[in-house]
Amino acid sequence: VFLGNLLVLMYGKCGSLELAVESFSALAHPNVFSWNILIQVYVQHGELDQAKVWFEMMPGWTLVSWNSMLRVYAHMGDLESAKSLFDSMPEHDLVAWNTMLQVYASAGHLSELIKLFNSSPEVDVFSWTTLLAGHAQKGQVQQAQDVFELAGVANVVTWTAMLKAYVDNGKLSSAKFLFSRMPEWDLRAWNVMLQAYAQDGHVDEAIRLYKSMPVLDVVSSSTMIVALGLNGQLQDAVHMFESMKERNLVSWNTLIAVYGEKGDVESSKCIFDRMPCHDAVSLTALLTILSRNGHLEESKKLFNTLPPAA
RNA sequence: UACCUUAGUAUAGAACG
């Protein structure tokens, strides 16, 4: 069972729901861990409704199960269900409180978030970071900064959340300063800084940072594609795309959008056709590009190929 | 003894402002 659990987890992390479920069903006697892992896998794949179904099907629950379900509600934005689950849980640990904080944060209920933070019996770096991000998301940079300074605990995630707060609110110089003072950097931190340069049109700085990064991923690349493409270096953007070893849906969608911004409808279409699969973003991107450039008929035609909505 | 849960990154549109 122990090894079987690990297997379910591994499949879940490495992409395949089917394999994960298969190995779950292969377990002769799944225990609470197995069930918790199964739910977790579904959450990671965004299959929230199914995660809930599994949760209700479980023979028994632990704190971890309830916490996982709280997270499901957080993702669904279902504040009421989250609240009532939280209230009906027989006990709460720090993770439960933190997850509930996250519920309010993702629902955008800042005042409730603050209230709950203040009534938490105990807080840690997770709680502080959630509080910080909650303020940032509402554009309250100064308050976010206050939280950052008040916290007294900060790890690379906290620093990055603060960095993002500056970036999202157009404070590039503060962002640069903070970035230079970070005790350590990881891929996400670099990517946020890259994004800062990209959205401000500082292509050269972006390129310099990109070249100095010890690790890169698909996020770094698509960020650079936008930076290059929208700032007069479309060729380089395309070149970067073509030389990517791994692409995901976002990589493709990004290039479609960049071509669209440049009014190059043909190339957008071409990329769209080359993609291995599409999602709602790819479709709406191409639809708007077509219609904005006077290809209304073609846009309609594409729209009509869509399966009827649920 | 061992396995599970919480915070920070990229792409389209729409709404609110």
Side-chain angles (χ1 to χ4, degrees), chain A residues 1-10 12 30-41 43-44 61-72 74 93-103 105-106 108 123-134 136-137 139 144 151 153-165 167-168 186-196 198-199 217-227 229-230 247-258 260-261 268 272 278-289 291-292:
Chain A
V1 184
F2 324 112
L3 292 179
N5 284 345
L6 285 178
L7 202 62
V8 179
L9 186 63
M10 216 187 70
N31 59 17
V32 195
F33 289 107
S34 327
W35 284 95
N36 288 341
I37 293 171
L38 184 67
I39 290 175
Q40 186 56 23
V41 168
V43 173
Q44 278 162 4
W61 299 271
T62 62
L63 249 179
V64 172
S65 329
W66 291 310
N67 290 341
S68 300
M69 196 56 215
L70 272 183
R71 184 163 132 84
V72 170
D93 62 359
L94 187 50
V95 173
W97 285 92
N98 286 343
T99 308
M100 199 57 206
L101 289 177
Q102 181 60 30
V103 169
S106 40
V123 294
D124 66 0
V125 65
F126 282 72
S127 333
W128 284 105
T129 307
T130 303
L131 185 64
L132 193 166
Q137 184 201 327
V153 282
N155 58 20
V156 64
V157 177
T158 321
W159 282 84
T160 307
M162 191 64 237
L163 183 65
K164 176 90 162 92
V167 173
D168 282 347
D186 66 4
L187 184 53
R188 286 196 182 197
W190 282 307
N191 283 339
V192 172
M193 197 59 224
L194 206 56
Q195 168 70 8
Q199 77 185 29
D217 66 357
V218 284
V219 176
S220 331
S221 307
S222 44
T223 304
M224 278 309 291
I225 289 172
V226 174
L230 298 188
R247 303 183 186 103
N248 63 12
L249 254 172
V250 177
S251 326
W252 290 95
N253 291 343
T254 301
L255 191 58
I256 291 184
V258 166
E261 256 345 283
S268 286
F272 186 87
H278 307 127
D279 67 359
V281 175
S282 339
L283 279 162
T284 50
L286 189 58
L287 280 173
T288 53
I289 291 167
S291 57
R292 271 183 200 162

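Computed over heavy atoms, backbone and side chain alike; hydrogens, waters and symmetry mates excluded. Order of the sequence lines sets the chain letters (A, B, ...), proteins ahead of strands, with each chain counted from 1.
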Q) Between OG1 of A:T158 and CG of A:L131, what distance do you get to the nearest 0.5 Å? A) 11.5 Å
Q | Atom-to-atom span, CZ of A:R188 to P of B:A10 - whole angstrom | A | 9 Å
Q | Length of the CZ-C1' vector between A:F126 and B:U6, whole Å | A | 6 Å
Q: Check the distance between B:G8's P and A:K164's NZ and give it to me in whole angstrom.
A: 10 Å
Q: Scan A:T129 against the nucleic acid and name what it touches under 4.0 Å (heavy atoms): base, sugar-phosphate only, or nothing.
A: base
Q: Look at the side chain of A:Q40 and decide which nucleotide, out of B:G8, B:A10, B:U5, has an atom nearest to it.
A: B:U5
Q) What integer distance in Å separates A:Q44:CD from B:C4:P? A) 12 Å
Q) Considering only side-chain heavy atoms of A:V64, which listed nucleotide, B:U9, B:C4, B:A7, is closest? A) B:C4
Q) Please give, in whole Å, the distance from B:U6 C1' to A:N67 CG? A) 7 Å
Q. Within less than 4.0 Å of OP1 or OP2 of B:U5, is there a side-chain N or O belonging to A:Q102?
A. no
Q) Given B:C4, B:U6, B:U9, which nucleotide is nearest the side-chain atoms of A:I37? A) B:C4
**Q.** Nearest-0.5 Å distance that lies between atom OG1 in A:T99 and atom CZ in A:R71
**A.** 8.5 Å
(Q) Over all strands shown, is A:V43 touching base, sugar-phosphate only, or nothing at heavy-atom distances under 4.0 angstrom? (A) nothing
Q: Assign A:V258 to base, sugar-phosphate, or nothing according to its heavy-atom contacts below 4.0 angstrom with the strands shown.
A: nothing
**Q.** A:L101 CG to B:U5 P, straight-line distance once rounded to whole Å
**A.** 19 Å
Pairs under 3.5 Å (N/O, protein and nucleotides 11-15 of chain B):
unit_1	atom_1	unit_2	atom_2	d
B:U11	O4'	A:T254	OG1	3.1
B:U11	O2'	A:N253	O	3.4
B:U11	O2	A:N253	ND2	3.1
B:A12	O2'	A:A285	N	3.3
B:A12	N3	A:T284	OG1	2.4
B:G13	OP1	A:R292	NH1	3.4
B:G13	OP1	A:R292	NH2	3.3

**Q.** Touch class at under 4.0 angstrom, heavy-atom based, for A:D186 against every strand present
**A.** base
Q. Which value, rounded to the nearest 0.5 Å, describes the distance between A:W66 atom CH2 and A:D93 atom CG?
A. 10.5 Å
Q: Send over the distance from A:L163 CG to B:A10 P, rounded to a whole Å.
A: 12 Å
(Q) Using whole Å, what does the distance between atom P of nucleotide B:U9 and atom CE of A:M162 come to? (A) 13 Å
**Q.** Side chain to side chain, A:L255 and A:I225, heavy atoms closer than 4.5 Å
**A.** yes
Q | A:S127 and A:T130 side chains, donor-acceptor separation under 3.5 Å | A | no
Q | Separation of A:S68 OG from A:L38 CG (nearest 0.5 Å) | A | 11.0 Å
Q. Under 4.5 Å between any side-chain heavy atoms of A:M69 and A:V72, yes or no?
A. yes
Q) CG of A:L101 to CZ of A:F126: how many Å apart, nearest 0.5 Å? A) 12.0 Å
Q: Tell me what A:D168 touches on the nucleic acid: a base, only sugar-phosphate, or nothing, going by heavy atoms under 4.0 Å.
A: nothing
Q. Out of B:U6, B:U9, B:G8, which nucleotide sits closest to the side chain of A:A133?
A. B:G8
